[in-house]
*Asks:* 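Sharing a structure, written as structure tokens. Questions coming.
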Number of protein chains: 2
Amino acid sequence: MEIKDTVALLKSKGYRITPQRVAIIRILRDHEGHPGVEEVFRSVIQVHPNISMATVYNVMEVLEKEGIIKAIANSKKSRRYDSEVKPHGHFICNSCGRVFDIPMKYYEACLKVFPSEMTDFEVNSFELTIKGICPDCKKKLL
Amino acid sequence: MEIKDTVALLKSKGYRITPQRVAIIRILRDHEGHPGVEEVFRSVIQVHPNISMATVYNVMEVLEKEGIIKAIANSKKSRRYDSEVKPHGHFICNSCGRVFDIPMKYYEACLKVFPSEMTDFEVNSFELTIKGICPDCKKKLL
DNA sequence: TTCATTGCAAAAGTTTTGCACGTGC
DNA sequence: GCACGTGCAAAACTTTTGCAATGAA
């Protein structure tokens, strides 16, 4: 999504467009991978030297609530986010903790696993999480 | 798995069978749902009043490493475990944080989503995580 | 006996909160 | 100007670590 579209979306929801929010939105758009709060903070502090972690947490929460980013299910380490909100899977390396995207060519097949008897559950997001060892770590472990 | 089988497995891997480990294994077997470390601690402290969190963390880590329990991918709140290690999905309520099991009738269909070009990744676990609002919270939110 | 494991306490790391001040609208 | 958002500092939590004492094999 274009930055100005994201900004427009936030504005339409009644959020104020602060330079800190815009900066974080820009950083997330340019960032490759799956940054954590700490990583976003380290980037945004170069533009806004006085910004605090509390603000980063606040902005990330707003962006997640509005569906602009997605929190990644991740049992180890701390929270990470994905600015790709289209359904796809994640591979989490048990050794280095890195998160890899899995292209969900067969997403439709996966959708079928949601049982019909659970219709009372309101589905917001749908994520496939695979854990294991990534190729790099496999080499190192040998 | 029977407690004595779990104990035998640990013993065969060279772990010592301490009363604390046995107590936690027993608690996990009897516990319904998806306890966190804190919850396990509150149960085990009734049998071993001097046990410390560090020991609970230690035991849970051993059990997870040996495939006796599984850590649940969970971006919010703290780590939770599942003593059901057979592949199945989880529904995580964004409102109350509870974890519901999803019977994976269509697990085979889901397996297909792992792309053939990612053969260099070693898959340890495969989990479907769906987030949304559970029926109870939906009622409360109305 | 021996060495893995425990309990404790402290440290490290993550996330939340309260509040005064600043700023977008 | 008003109310929301920010920055700061402290608090609340979660998880890890170092080490002396303990106890399973």
Side-chain angles (χ1 to χ4, degrees), chain A residues 4 6-25 27 34-66 68-69 71-81 94-95 97, chain B residues 4 6-25 27 34-42 44-66 68-69 71-81 94 97:
Chain A
K4 68 170 169 36
T6 303
V7 166
L9 170 64
L10 289 182
K11 195 175 279 184
S12 76
K13 296 271 187 172
Y15 294 100
R16 292 189 180 168
I17 307 308
T18 65
Q20 291 90 335
R21 286 185 173 158
V22 176
I24 290 178
I25 291 168
I27 283 165
H34 307 84
V37 173
E38 176 62 31
E39 223 163 330
V40 173
F41 178 74
R42 279 206 305 273
S43 291
V44 75
I45 207 172
Q46 313 210 20
V47 191
H48 292 272
N50 291 322
I51 201 170
S52 70
M53 284 296 271
T55 298
V56 179
Y57 273 101
N58 170 329
V59 175
M60 300 302 277
E61 195 181 320
V62 167
L63 296 181
E64 190 192 357
K65 187 189 285 182
E66 298 310 327
I68 293 157
I69 59 177
I72 297 176
N74 189 355
S75 63
K76 286 226 175 77
K77 318 234 165 155
S78 52
R79 203 175 295 170
R80 276 158 179 260
Y81 292 93
N94 285 328
S95 181
Chain B
K4 66 170 169 38
T6 304
V7 166
L9 170 64
L10 289 182
K11 196 174 278 182
S12 76
K13 296 271 186 172
Y15 295 100
R16 292 189 179 168
I17 308 308
T18 66
Q20 293 90 335
R21 285 185 173 159
V22 176
I24 290 178
I25 291 167
I27 283 164
H34 307 84
V37 173
E38 176 62 30
E39 222 162 333
V40 173
F41 178 74
R42 279 205 305 275
V44 75
I45 206 172
Q46 313 211 19
V47 191
H48 292 273
N50 291 322
I51 201 172
S52 70
M53 284 296 271
T55 299
V56 179
Y57 273 101
N58 171 329
V59 175
M60 300 302 277
E61 193 182 322
V62 166
L63 296 181
E64 190 191 357
K65 188 190 284 182
E66 298 310 327
I68 293 157
I69 58 176
I72 297 177
N74 190 356
S75 63
K76 285 225 177 78
K77 318 231 164 161
S78 50
R79 204 175 294 171
R80 277 159 179 261
Y81 292 93
N94 284 327

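Heavy atoms only: backbone and side chains are in, while hydrogens, waters and symmetry mates are out.
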*Asks:* If you define the side chain from C-beta out and look only at heavy atoms, does anything of A/Q20 sit under 4.5 Å from A/V44?
*Replies:*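 No, every pair of side-chain atoms sits at 4.5 Å or beyond.
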*Asks:* When every nucleotide of nucleotides 20-25 of chain D is labelled 5' to 3' by its protein contacts under 4.0 Å (heavy atoms), B for base, S for sugar-phosphate only, - for none, what sequence of letters results?
*Replies:* ---BBS
*Asks:* Would you mind reading off the distance between B/E61 atom CD and C/dT5 atom C1', rounded to a whole angstrom?
*Replies:*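 That distance rounds to 13 Å.
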*Asks:* Report the distance from atom OH of A/Y57 to atom P of D/dA12, rounded to the nearest whole Å.
*Replies:*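 It is 17 Å, rounded to the nearest whole Å.
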*Asks:* Using whole Å, report how far CZ of A/R21 lies from P of D/dG7.
*Replies:*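 Distance, rounded to whole Å: 11 Å.
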*Asks:* What are the two closest heavy atoms between B/M60 and B/V40, and how far apart are they?
*Replies:*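 Closest heavy-atom pair between B/M60 and B/V40: CE-CG2, 4.0 Å.
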*Asks:* Which pair of non-hydrogen atoms, one from B/T6 and one from B/I25, has the smallest distance, and what is that distance?
*Replies:*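 Minimum heavy-atom contact is CG2-CD1, 3.8 Å.
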*Asks:* Among D/dC8, C/dT6, C/dC8, which nucleotide has an atom closest to any side-chain atom of B/T55?
*Replies:*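 So the side chain of B/T55 is nearest to C/dT6.
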*Asks:* Would you name the heavy atoms of A/I51 and A/F41 that are closest together and state the gap between them?
*Replies:*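 Smallest interatomic distance, heavy atoms only, reads O-CE1, 3.4 Å.
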*Asks:* In whole angstrom, what separates B/M60's CE from D/dT14's P?
*Replies:*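 These atoms are roughly 14 Å apart.
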*Asks:* Between P on C/dT6 and CZ on B/F41, what's the gap in Å once rounded to a whole number?
*Replies:*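 Atom-to-atom, B/F41 to C/dT6, this comes out as 14 Å.
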*Asks:* Can you see if the side chain of A/N50 gets near the phosphate of D/dT6 - specifically, an N or O under 4.0 Å from OP1 or OP2?
*Replies:*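 So the side chain of A/N50 is outside the cut-off, no N or O lying under 4.0 Å from OP1 or OP2 of D/dT6.
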*Asks:* Go through C/dC8, C/dT5, D/dG7 for me and flag the one nearest to the B/A54 side chain.
*Replies:*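 The answer is C/dC8.
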*Asks:* If you look at every heavy atom in B/R21 and B/V59, which pair is closest and at what distance?
*Replies:*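 Answer, listing the atom of B/R21 first, then B/V59: CG-CG2, 3.7 Å.
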*Asks:* Could you check which of C/dT6, C/dG7, D/dG7 has an atom nearest any side-chain atom of A/I51?
*Replies:*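 Of the candidates, D/dG7 comes closest.
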*Asks:* Can you identify which nucleotide, out of D/dT6, C/dT5, C/dG7, has its nearest atom closest to the B/S52 side chain?
*Replies:*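 Nearest listed nucleotide: C/dG7.
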*Asks:* Given atom CE of A/M53 and atom C1' of D/dA11, what is their separation to the nearest angstrom?
*Replies:*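 Going from CE in A/M53 over to C1' in D/dA11 covers 16 Å.
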*Asks:* Quick check: closest heavy atoms across A/E66 and A/L9, and the distance to 0.1 Å?
*Replies:*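 Heavy atoms of A/E66 and A/L9 come nearest at O-CD2, 4.2 Å.
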*Asks:* To the nearest Å, give me how far apart CG (B/L10) and C1' (C/dA4) are.
*Replies:*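 So the two atoms are 13 Å apart, to the nearest Å.
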*Asks:* Grab the NE2-C1' distance between A/H48 and C/dG22 for me, whole Å please.
*Replies:*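 From A/H48 NE2 to C/dG22 C1': 14 Å.
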